[in-house]
Amino acid sequence: PASDRFDAAAAVGGWRGALESAGPALVFVIILAVAPTALPTALTASLVVSAVALLARLAQSSRRRSLRQVAGGALVAVVSAAWAWRSGRASDFYATGLVINAVWLVICLGSLLVRRPIVGVLMELWRSTSATADGGRGTGDRGRRRTDPDPAGTRRRYVIGTGVLTAMFMLRLLVEVPLYLAGAAGVGALGIARLVLGLPLFALTAWFVWLLVRLSLIHISEPTRPY
């Protein structure tokens, strides 16, 4: 949040993170496009991609956060593959993602209803983490203690940011759920929609939320120290 420029690559975990996230679904889509009846092959290939990514991270496990991210992605891939394998329907490979998006949509809407926008909650966690890392000297911006001269404006930007996140999850569900319900006829389109509304849409959403967060940080100035 304190960066002077938005880094789209960092927002999606770099090229490696993008491949780890989109790779299993991309392989699944390509195999089914070539051989629509090769569901077991597509599922196996997607799991192999996730396993290779996880093993590569384990071999370079110096960064716990990145390891947790790829492990979470591998878990989602396993659950998705198991769901589709059990039902025998290729569309169920995407069911886990629909559930995850639905849960996040409820969280975002719930945070707005209780007047605790999730973007603001995440910013508080970031400030707390930054303060801990700085030995308690600050609350997020290069370790300096900050106060907010415009809390109402900051809260409004957090609400708008949460609204943007809500719109992202809602758009995914509005597009993908009808394709999922279409069954085999919509599998190809569902796979393409999942890829387009995945990292590209997330990067765009993260950029917009970053702009709002940066505006809040810019308005937070260091308090005047008494002489």
Side-chain angles (χ1 to χ4, degrees), residues 1-3 6-8 10-13 17-18 20-22 24-25 50 64-83 91-132 139-140 148 151-181 190 193-217:
S3 300
F6 179 73
D7 189 342
V12 298
E20 291 168 348
S21 177
S50 295
R64 293 182 179 178
R65 181 177 300 177
S66 60
L67 181 59
R68 287 198 299 267
Q69 289 172 345
V70 71
L75 177 61
V76 171
V78 169
V79 173
S80 300
W83 196 330
S91 58
D92 282 339
F93 179 78
Y94 304 103
T96 306
L98 295 177
V99 172
I100 293 174
N101 280 281
V103 170
W104 272 108
L105 176 61
V106 171
I107 291 174
C108 288
L109 289 174
S111 72
L112 291 173
L113 287 176
V114 300
R115 298 185 178 183
R116 289 279 293 172
I118 191 65
V119 170
V121 173
L122 294 175
M123 280 299 298
E124 290 176 5
L125 291 174
W126 172 73
R127 288 194 176 98
S128 175
T129 303
S130 299
T132 301
T139 55
D148 190 351
T154 297
R155 176 178 174 78
R156 182 167 58 253
R157 283 184 281 272
Y158 289 164
V159 169
I160 295 173
T162 303
V164 172
L165 282 178
T166 302
M168 180 188 73
F169 295 120
M170 188 175 295
L171 176 61
R172 287 174 173 174
L173 292 172
L174 287 175
V175 173
E176 294 177 17
V177 168
L179 296 174
Y180 171 78
L181 295 177
L190 178 57
R194 174 62 57 85
L195 293 173
V196 173
L197 299 179
L199 291 181
L201 180 60
F202 175 78
L204 180 62
T205 302
W207 170 72
F208 198 85
V209 173
W210 174 82
L211 288 177
L212 295 169
V213 169
R214 282 297 298 161
L215 285 174
S216 297
L217 291 178

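Residue numbers count from 1 along this sequence.
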Does any non-hydrogen side-chain atom of Glu176 lie less than 4.5 Å from one of Leu190? yes

Gap separating the CG atom of Leu122 from the CD1 atom of Ile118, nearest 0.5 angstrom: 4.5 Å

Quick one: OG1 on Thr154 to OH on Tyr158, what's the gap to the nearest 0.5 Å? 5.5 Å

Taken to the nearest 0.5 Å, the spacing of Phe169 CZ from Phe202 CZ works out to 8.0 Å

Rounded to the nearest 0.5 Å, the OG1 atom of Thr166 sits from the CD1 atom of Ile160 at a distance of 12.5 Å

For Phe93 and Pro24, which heavy atoms make the closest approach, and how far apart are they? CZ-O, 4.4 Å

Scanning both residues in full, the closest heavy-atom pair of Met168 with Thr205 reads SD-OG1, 3.5 Å

Heavy atoms of Val164 and Phe208 approach each other most closely as CG2-CD2, 3.5 Å

Minimum-distance pair of heavy atoms, taken over all atoms of Val175 and Pro178: O-CD, 3.6 Å

Answer yes or no: is there a donor N or O on one side and an acceptor on the other, between the side chain of Arg172 and the main chain of Leu197, under 3.5 Å? yes

Please find the pair of heavy atoms, one from Pro117 and one from Arg155, that lie closest to each other, and give the distance. CD-NH1, 3.9 Å

Trp207 CH2 to Leu212 CG distance, which is reported to the nearest 0.5 Å: 9.5 Å

Side chain proximity check, Leu98 to Leu173, heavy atoms < 4.5 angstrom: yes

Backbone N/O of Cys108 and side chain of Thr162: donor-acceptor pair under 3.5 Å: no

Closest contact, heavy atoms only, Ala193 versus Leu179: CB-CD1, 4.1 Å

Do the non-hydrogen side-chain atoms of Trp83 and Val99 ever get within less than 4.5 Å of each other? yes

Nearest-0.5 Å distance, CG of residue Leu105 to CG of residue Leu171: 11.5 Å

Hey, can you tell me if Phe6 and Trp210 have their rings parallel, tilted or perpendicular (30° and 60° cut-offs)? tilted

